[in-house]
A.B. asks: 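One structure, as structure tokens, below. Some questions next.
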Amino acid sequence: MNRRLGALLLLMATQASAEIPEAERRSGYHDMGASVQAMQDDDMANPAMLWVLDGEKLWAQRQGAAGRSCADCHGEPSRMTGVAVRYPAFSESASRPISLDQRINQCRTEQQKAPAFDYESRELLSLSALVAMQSREHKIAPPDDPRLRTFLEAGAATFNRRQGQLNLSCAQCHEDNRGKRLAGATIPQAHPTGYPIYRLEWQSLGSLQRRLRNCLIGMRAEPYAYGAPDYVALELYLMKRAAGMPFEAPGVRP
Amino acid sequence: MTNALIRLPRSVKRGEAFEIKTLIQHPMETGFRAGTNGTTIPRDIIEEFLCTYNGVEIFRMKLSSAIAANPYISFHTVATESGTLFFRWTGDNGFKVEETARIAVA
């Protein structure tokens, strides 16, 4: 290990992580290059719009044994305005918070009587991109639900807990060393402002859980299974941490 | 069903240059990557993009493995008369998508 990295790790080990003051919060959008920003700004250049198109088709398609489409119950996709910014939310039937993807699947299994979509499948990402897009420019607004408290605390604990073979916590990179460089990239503050995102590295759309999986693998920690309550708790905490920031889904990230 | 997006200005003055933007859904699999079982994933790319304006070819592009998934292609042409722009993407495994768009020249 080179000496500078060793010194950095030692420094990180001795510092307690500091939360980011509200005025200093910034979306990952501002940490990326002008050309990637331009991709996100222009719906014609943003490849995520290809998924949104699929989402629009799926929204209107009758599915499952109930023969119902999303539109039959919810009307136009624009009726979903403000929904994505308040997920994860508490689900009565699951007795715990669920992500937007899980909410979409809940609609499928309970209302449409259709099999749930696989996590990260084109269909699920298309619908979540369509729903998320309706909340563009809205402020992230996690629900103020007392039933969520224990899950929020669990998410915060995961964020601050060292894990993996590198013995790192999320907070050490995304709070203590935010804005510094990790290899060639600026370390973002980890605000989930634009999910699902089209990530150039993936050449595809992906969910926040896919992104979290990426970080966990980078820390040499074992990623959770898609849909695991641990991920949802972490998502919940990240949304709380980003409360009030404008939503920009579907985002583009390098 | 492959999604393709095309955007042009709604109307444009005669003799003026205008921008045509296109985006198409395609994995652009390079043919150089190994799959999980160690075998090479076969190449699957768009090989050629063509645009005609009232039947006259105005833009043609050869695409290669080095081009990212979901290629975004934009270019300019000069407005001559109202009519139809025709777009065609062709590639490996018989990939072929054709789209048309109308342009009004004032």
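Excluded from the calculations below are hydrogen atoms, water molecules and symmetry mates; all remaining heavy atoms, backbone and side chain alike, are included. Here is the naming used below: chain letters follow the sequence lines, and residue numbers restart at 1 for every chain.
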A.B. asks: Taking atom CZ as the centre, does A:Arg161 end up with more than 12 heavy-atom neighbours from other residues, nucleotides or ligands that are less than 6.0 angstrom away?
C.D. replies: yes
A.B. asks: Which region of B:Ser74, side chain (C-beta onward) or backbone (N, CA, C, O), has a non-hydrogen atom less than 4.5 Å from a non-hydrogen atom of chain A, or is it both or neither?
C.D. replies: neither
A.B. asks: Decide if atom CD of A:Glu137 counts as having more than 12 heavy atoms of other residues, nucleotides or ligands within a radius under 6.0 Å.
C.D. replies: no
A.B. asks: Which of residues 38-47 of chain B get closer than 4.5 angstrom to chain A, counting heavy atoms alone?
C.D. replies: none
A.B. asks: Roughly how far, to the nearest 0.5 Å, is CE of A:Met49 from CG of B:Leu23?
C.D. replies: 10.0 Å
A.B. asks: Rounded at 0.5 Å granularity, tell me how far CG in B:Asn3 sits from CG in A:Asp54.
C.D. replies: 4.5 Å
A.B. asks: What part of A:Asn46 gets within 4.5 angstrom of chain B, counting heavy atoms only: side chain, backbone, both, or neither?
C.D. replies: backbone
A.B. asks: Identify whether the distance between the nearest side-chain nitrogen and carboxylate oxygen of A:Asp43 and B:Lys21 falls below 4.0 Å.
C.D. replies: no
A.B. asks: Working to the nearest 0.5 Å, report the span between CE of A:Met44 and OH of B:Tyr72.
C.D. replies: 7.0 Å
A.B. asks: So, B:Gln25 side chain and A:Leu50 main chain: donor-acceptor pair closer than 3.5 Å or not?
C.D. replies: no
A.B. asks: Does atom CD of B:Glu19 have more than 12 heavy-atom neighbours from other groups under 6.0 Å away?
C.D. replies: yes
